Structure formats: structure tokens, C-alpha cells
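Source: prediction; values computed, not measured. Just so it is clear: chains get the letters A, B, ... in the order the sequence lines come, proteins before strands, and each one is counted from 1.
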Protein chains: 2
Amino acid sequence: MTRVLVIDDEGSILRALRINLTARKYEVVTASDGASGLGAMARARPDVLILDLGLPDMDGVDVIKGIRGWTSTPIIVLSAAGQESTKVAALDAGADDYVTKPFGMDELLARLRAAVRRASPGPDEPVVATEDFTVDLAAKRVARDGTDVRLTPTEWGLLEVLVRNRGRLVTQRQLLQEVWGEQYQTEGNYLRVYVAHLRRKLEPDPSRPRYLLTEPGMGYRFSCG
Amino acid sequence: MTRVLVIDDEGSILRALRINLTARKYEVVTASDGASGLGAMARARPDVLILDLGLPDMDGVDVIKGIRGWTSTPIIVLSAAGQESTKVAALDAGADDYVTKPFGMDELLARLRAAVRRASPGPDEPVVATEDFTVDLAAKRVARDGTDVRLTPTEWGLLEVLVRNRGRLVTQRQLLQEVWGEQYQTEGNYLRVYVAHLRRKLEPDPSRPRYLLTEPGMGYRFSCG
DNA sequence: ACCAGTGTTAACGTGGCGTCAAGATCACGG
DNA sequence: CCGTGATCTTGACGCCACGTTAACACTGGT
């Protein structure tokens with residue numbers, strides 16, 4: 001089932017979208033401002049995002065940039081008829097499509113289908129393998145030496161973010177925000193504890209990590225080996 | 001260079017697109033009806049297609065279907081304002097975007113960029129390469145001779161600013177402000193120390209820098225080699 | 001030869017990281 | 001309703017390395 005995240009502060013639009021999307025067998029998640037929208041994006045992992053530019057708390061273009069920093073999930077922007085420069089800015093920031101209000105529901109649904117279709121030939125390899133263990137993102141399973149490794153929910157959440165961004169450095173703020181939530185962005189302690197847990201369960205030599213690397217002062221990085 | 005095929009029977013639009021696209025360094029190929037358009041598609045192998053639905057010889061939706069039979073090249077549909085059902089049909093037939101006439105050229109160009117960006121395999125890797133090392137801005141990673149170079153947060157911050165402004169002179173004030181903060185604008189010492197660090201880690205001959213150049217009295221410049 | 005701007009080096013204090021372990025909280029079955 | 005694990009939170013501590021700083025050497029221009 002395709003999951004859609006709708007970020008919009010207008011109740012009427014939110015309601016209309018929820019009804020229409022649900023009727024067409026989409027799973028709908030909603031948020032009503034930019035900050036919670038970014039959080040929902042990380043938590044719900046939708047297949048496509050419908051984003052209203054006129055949010056109360058953030059500039060819509062900044063929301064797009066924030067999302068494009070770590071995922072290429074399709075973004076369809078919704079906005080009141082306005083300057084052409086706004087469209088250009090949104091599209092150049094990484095939006096995939098731009099629909100002006102008032103819009104026809106059928107058209108939006110068609111654009112939604114187009115966006116999902118485009119993204120579907122998945123660039124996602126759901127299973128990541130190293131020399132010592134494998135991570136199956138779809139099945140949420142980790143195997144080492146042929147047998148499953150038991151991970152707690154928090155451990156898995158942390159590993160998932162790191163593996164999804166494999167090769168890239170993930171800042172502490174981003175990790176805390178995506179695994180624990182908005183308000184935990186300063187609790188650097190959690191990271192140290194849980195990275196240690198993961199290393200003990202996955203690394204061949206936990207004291208000298210090969211995959212879960214620390215970048216002092218900046219964050220952590222999952223190296224594919 | 002990105003190659004664009006424009007299929008349109010209106011000379012004025014064709015002309016306007018050709019001028020604007022050429023000015024922006026696109027390679028432009030044109031066709032004025034559906035049949036020759038399909039032929040041009042196969043022959044020219046464009047990176048993106050701009051297709052007017054109102055062609056004299058074929059229904060636009062059939063053109064889209066014909067193309068989608070063998071390639072997933074992005075298609076941006078152009079059409080006179082009309083029924084919503086037409087948009088839906090075009091999008092469901094495999095079009096990627098739909099722009100109604102009259103349209104703003106800037107918006108069309110932005111949608112074009114979005115379509116090309118989406119289609120390109122790696123959504124542009126912001127990797128800057130020199131003969132001696134590479135800097136990956138997204139992954140926050142620097143590699144030299146195939147292996148990663150460890151940079152401290154300050155070193156990375158400094159390098160990032162310089163690389164983002166590659167080729168251009170960056171003043172000391174600007175560097176200090178962006179890496180250390182507003183109130184450090186006079187601490188010229190920091191720059192000398194950390195530029196030295198970077199040169200030791202990156203330059204083939206640190207005493208005679210090739211990439212991290214000093215502009216006496218002004219600031220520093222990153223030269224791509 | 002002098003000066004201003006620059007490069008180099010080393011010492012010191014602190015912040016961040018890994019580690020451990022004990023309390024708090026939750027989930028589940030008796 | 002309580003007990004028992006498992007999981008999550010929180011705090012403490014040692015250690016290393018990063019940032020800061022200062023002292024000194026160098027270079028080109030006048």
C-alpha cells in the first residue's frame with residue numbers, strides 16, 4: 001500500500017485529501033506544520049509527500065531543502081496561485097511537481113500516480129550486506145553468521161537511519177531527531193550508549209569499529225566495508 | 001549537455017523554446033507532428049521530451065503511449081487549458097508533468113530541470129575532484145589515494161566553505177564568520193593554523209600549495225587544479 | 001633592514017567519546 | 001494485582017584528541 005504524507009495547515013484541504021486518498025486505498029499520514037512535518041517524514045517514511053507551501057511556522061522551500069538533505073522521496077507542492085518565482089524556487093529546491101490551488105482532485109491524483117510510478121523502479125536495495133553481517137531494511141532483520149541478531153526497537157531505529165544513509169555522515173542532531181524525536185536533539189548520551197550496543201552485536205572487534213564509524217564532533221557513518 | 005526534443009506544431013512556441021533553451025545551453029531538437037516526433041525520439045535519444053498535445057496528425061495521448069512502450073525518458077506535456085480529464089489521461093499514459101498554455105518560461109524551465117534531475121541516475125553527486133583528492137560535500141567525506149582522510153569538524157567546516165566557493169576568493173572575514181561565528185572576525189590566527197592543517201592533509205607538497213591558495217591581504221581560494 | 005602579513009610548531013585545558021552500571025519504565029504472564 | 005524480564009534512561013568517570021593560544025620563523029615589499 002502506498003503511503004502518502006500530507007503537510008498542510010488548512011483543515012478543509014487536509015480533510016478532502018484524506019477522504020479521497022483513503023478511498024483510493026492510500027495510507028494517509030498528516031502533519032499541519034513544517035517542524036512536525038519533517039519529523040513525520042522521518043518517522044512515517046512515506047512513498048510520496050504532498051506539501052503545502054503556506055505553512056505557519058516555516059518557509060516551504062526550507063522544508064523541501066530539509067527533506068532533500070537525506071531522501072529523494074517525491075514531493076508534490078501545493079500552493080495558492082502566486083508568483084512564478086515561487087514555483088521556480090520550489091522546483092529547484094527539489095520538488096517534483098507543483099500544483100496551484102484551487103486544483104482538481106482528479107488532476108492531483110493523476111500527478112500523484114505519476115510521481116509514485118516514476119519513483120517505483122526502486123533505487124532501493126532493501127538488503128545491505130557486509131563481510132560480517134547483512135541488514136534487510138524491508139524485513140527489519142539483521143543476520144550475522146547465518147543466524148538472526150536480536151535488536152531492540154531503538155537499536156534497530158538507529159541502525160536503520162545509518163544504513164539508509166550508508167556512506168554518508170549522519171549528524172548527531174539528525175540521528176537523535178529521527179530516532180528519538182524533535183525534542184531530544186541535545187541528548188548526545190543516547191547515541192553513545194546505543195552505538196556501543198550495535199557495535200557489540202555487529203562489529204567483529206567492537207573496540208575498533210569497522211562499519212559503525214565515529215566522526216568526532218560531527219556524527220556517525222555507516223561504512224559498507 | 002542535456003538534449004531536449006520539442007514536439008509542437010505552433011511555430012511561435014517552437015521558436016520561443018528554441019531560443020530560451022539554447023541560451024541555457026540545452027541542445028534542442030524539434031519536430032512538428034506526432035509521426036516525425038516519434039521518429040526523432042528514436043533517432044535523437046533526447047534526455048527529456050516537451051510534447052504539445054494538440055498535434056495535427058495524432059492524438060497526444062497515443063504519442064505518449066508510443067514512447068512509453070520502449071523508453072522512460074521524462075515527458076513534459078504542453079497543452080491549451082482544457083478539461084481536467086485530458087490532464088489525467090496524459091499523466092496516466094506516462095507523462096511526467098503537465099503544463100497548460102499560456103505558461104511562464106521560467107516555470108517551464110524549472111519543471112524541465114526537475115524532470116532532468118529526477119531522471120539522472122545519481123541526483124547529482126556534489127563531488128569535487130582534483131588530481132590528488134576528492135571532496136564529497138553530501139557525505140562529508142574526503143578521499144586521497146583511495147582512502148579516506150580524517151578531518152576534524154573545524155577543518156571540515158573550513159574546507160567546505162572554500163570548496164563551495166571553489167575558484168572564487170573567500171575573504172578572511174567571511175571564512176571566520178561562517179566557520180567560527182560572528183564574533184571571531186578578527187582572529188586571523190585560526191585561519192593560518194587550520195589552512196596549514198588542511199594543506200598537510202591534502203596538498204601533495206604542503207609548502208607549495210596547489211589547491212588551497214593564499215591571496216595575501218585578502219583571504220584564501222580553492223583552486224580545482 | 002624593517003615591518004606586516006603569513007606559515008609552523010608545540011603546550012595546555014576542555015569537550016566529547018566510550019564504557020559501565022544502577023535506577024526507571026514498560027510489556028507480559030501468572 | 002503483582003512479579004519478572006527486557007528495554008530505556010541517566011549519571012559518573014577516564015581518556016584521548018580537538019580547539020585554542022602563544023611564540024617564533026619566514027617571506028615579500030618599501
Contact letters for nucleotides 24-30 of chain D, in which S counts primed atoms plus P, OP1 and OP2 and B counts the base, heavy atoms under 4.0 Å: -------

Nucleotide-resolved protein contact map, nucleotides 4-12 of chain D, B/S/- at heavy-atom distance under 4.0 Å: ---SBBBB-

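Taking side-chain N and O atoms only, B:Thr214 has a distance below 4.0 Å to OP1 or OP2 of C:dG7.
Legend: residues meeting side-chain hydrogen bond (donor to acceptor under 3.5 Å, both in side chains) with B:Arg173, ordered by chain and number and at least two apart, are B:Gln185. Here A:Asn20 pairs with A:Arg24 under the side-chain hydrogen bond (donor to acceptor under 3.5 Å, both in side chains) rule; sequence neighbours left out. Not a single salt bridge (charged side-chain N to carboxylate O under 4.0 Å, His left out) links A:Glu84 to another residue, sequence neighbours left out.
In this structure, the CE atom of A:Met218 is 14 Å from the C1' atom of D:dA17, given to the nearest Å. The distance from atom CZ of B:Arg199 to atom P of C:dT9 is 13 Å, rounded to the nearest whole Å. Atoms CG (B:Leu212) and P (C:dG7) sit 11 Å apart, rounded to a whole Å. Summarising the geometry, the separation between CD on B:Glu215 and P on C:dG5 is reported as 16 Å, rounded to the nearest angstrom. In this structure, B:Leu158 atom CG and C:dG7 atom P are separated by 12 Å, rounded to whole Å. Taking atom CG on B:Leu176 and atom C1' on C:dT6, their separation rounds to 14 Å, with Å as the unit. Rounded to whole Å, the distance from CD on B:Glu203 to P on C:dT8 is 11 Å. For the pair B:Arg200 CZ and C:dT8 P, the computed distance is 9 Å after rounding to whole Å.
Applying the ring pair (Phe, Tyr, Trp, His ring centres under 6.0 Å) test to pairs two or more places apart or on separate chains, those with a residue in residues 197-222 of chain A are A:Phe133-A:Tyr211, A:Tyr194-A:His197.
Nearest to the side-chain atoms of A:Gln172 among the listed nucleotides C:dG18, C:dC17, C:dG7 stands C:dC17.
The pair B:Arg210-B:Asp132 meets the salt-bridge criterion, with a side-chain N (NZ, NE, NH1 or NH2) lying under 4.0 Å from an Asp/Glu carboxylate O.
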B:Thr214 and B:Arg199: CA distance, side-chain angles, deciding distance, side-chain hydrogen bond (donor to acceptor under 3.5 Å, both in side chains) verdict: CA-CA 11 Å; B:Thr214 303; B:Arg199 293 212 253 243; 3.3 Å; yes

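Atom CE of B:Met218 has 12 or fewer neighbouring heavy atoms from other residues, nucleotides or ligands inside a 6.0 Å radius. Other residues, nucleotides and ligands place no more than 12 heavy atoms under 6.0 Å from the CZ atom of B:Arg45.
There is no side-chain donor-acceptor pair under 3.5 Å between B:Asp145 and B:Thr147.
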